[in-house]
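Just below is one structure, and these are the notes that go with it.
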Amino acid sequence: MNAIPEIRAGQSIELLKALHILTRDGKLNQDSRRKLKQVYHLFNFIEPLLKSTLADHENVTLVDHGAGKSYLGFIIYDLFFKDKPAGHIYGTEFRAELVQKSRELATLCGFERMTFLDMLVEDAASAKEMPAQIDIVTALHACDTATDDAIKFGLEKNARHMVLVPCCQAEVASVLRKHKSKALASTPLAEMWRHPIHTREFGSQLTNVLRCLQLQANGYQVTVTELVGWEHSMKNELIIASQSKDAPRKQAREKIAQILAETNLGDMTGRFLY
């Protein structure tokens, strides 16, 4: 039994030390406790998706985009993949030094079915190391357009499920800012993004609304919820999308077009309608 109650049963203490979540003497500081709680909470959403996929076929594949230090990938592998005969986790990250450290840690832990790729999310779909089809796509705090790139990757790879925690969306806000004068002259709704702070916040909210509609338009059932309490992270929105025959494809596409027109975001058509 683990001595620290926050640590899940079956979790490798040595792995948590190697990830610097636990100190060398096996203790959690406040920052690490917050980080571990967030990853575990996300795993609680991902685990049922892994199990439902495993019920259909043995070789479950998961891609974690914008992996950073790969906390999420390593913990998922340790808690779910480690004792399975098949299945593979891929992590993408553009910072080569982090990729190298993740490769070294995977080797040290004997996690043979983990692959780390030094690349941007937008380049991952065409990478020769990637299978033609991926079961689950995750992106935890993938900044700005990296979440959109993860969605596009998931669509191209016919992912069964996507689990996304968006972060630092700026692209839509910049286009709202660009056309603000025109919008203010044409619709009272533009008051929602007249002031700079509102432009930023409304842009972030609108980005995620459009992402959800985009997923629905491509045949996914979408759930949006909190990842953890606001005291842990301000970037707190969790989008879970699963393939569904009942997703309202045509209606969703029409709504995207209407929203883009109403908010003078025609420049973003290529981002959300394809």
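Throughout, residue positions are numbered sequentially from 1 according to the sequence presented.
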| said: Taking atom CD as the centre, does Glu156 end up with more than 12 heavy-atom neighbours from other residues, nucleotides or ligands that are less than 6.0 angstrom away? | reply: yes
| task | Describe, in one word, how the ring planes of Phe202 and Trp193 are oriented to each other, choosing from parallel (under 30°), tilted (30 to 60°) and perpendicular (over 60°). | result | parallel
| request: Sequence neighbours left out, what passes side-chain contact (heavy atoms from CB on, under 4.5 Å) with Leu79? Give chain and number order. | output: Arg8, Gln11, Tyr40, Phe43, Ile75
| field | Carboxylate-amine/guanidinium proximity below 4.0 Å for Arg95 and Asp118 | value | no
| Flag if over 12 foreign heavy atoms under 6.0 Å of CD, Gln251 | no
| said: Parallel, tilted or perpendicular, judged at 30° and 60°: which one describes the rings of Phe45 and His41? | reply: perpendicular
| Carboxylate-amine/guanidinium proximity below 4.0 Å for Glu104 and Lys101 | no
| Does the pair Arg271 and Thr145 meet the rule for a side chain to side chain contact (heavy atoms under 4.5 Å, CB included), with working shown? | CA-CA 9 Å; Arg271 171 69 68 182; Thr145 60; 3.4 Å; yes
| So, Asp149 and Lys152, do they make that salt bridge, N to O below 4.0 Å? | no
| request: For Thr53 and Asp56, test the side chains for any donor-to-acceptor distance below 3.5 angstrom and give the result as yes or no. | output: no
| task | For atom NZ of Lys69, decide whether the heavy atoms of other residues, nucleotides or ligands shown that lie under 6.0 angstrom number more than 12. | result | no
| query | For atom CD of Glu112, is the number of surrounding heavy atoms from other residues, nucleotides or ligands below 6.0 Å larger than 12? | reply | no
| message | As a quick check of understanding, evaluate salt bridge (charged side-chain N to carboxylate O under 4.0 Å, His left out) for Glu6 and Lys37, giving each step before the final call. | response | CA-CA 8 Å; Glu6 291 95 333; Lys37 179 179 179 180; over 6 Å; no
| note | Students should find that the hydrophobic cluster of Phe94, defined by side-chain heavy atoms under 4.5 Å apart, otherwise consists of Leu120
| task | Could you tell me whether Lys51 and Glu47 make a salt bridge, using a distance below 4.0 angstrom between a side-chain N and a carboxylate O? | result | yes
| Taking only residues two or more places apart in sequence or in another chain, which ones pass side-chain contact (heavy atoms from CB on, under 4.5 Å) with Ala86? | Glu58, Asn59
| message | Could you work out, with salt bridge (Lys or Arg N to Asp or Glu O under 4.0 Å) as the rule, every residue matching Lys17, not counting sequence neighbours? | response | Glu14
| With sequence neighbours excluded, residues passing side-chain contact (heavy atoms from CB on, under 4.5 Å) with Arg177 | Ala173, Ser174, Thr199
| request: Inspect the contact between Lys157 and Asp135 and indicate whether a charged nitrogen and a carboxylate oxygen are less than 4.0 angstrom apart. | output: no
| Stepwise side-chain hydrogen bond (donor to acceptor under 3.5 Å, both in side chains) test for Asn158 and Gln133 | CA-CA 6 Å; Asn158 194 31; Gln133 200 271 335; 5.6 Å; no
| query | More than 12 heavy atoms of other residues, nucleotides or ligands under 6.0 Å from NZ of Lys84: is that the case? | reply | yes
| task | Could you pull out all residues at least two apart from Thr115 that satisfy side-chain contact (heavy atoms from CB on, under 4.5 Å)? | result | His88, Tyr90, Leu117
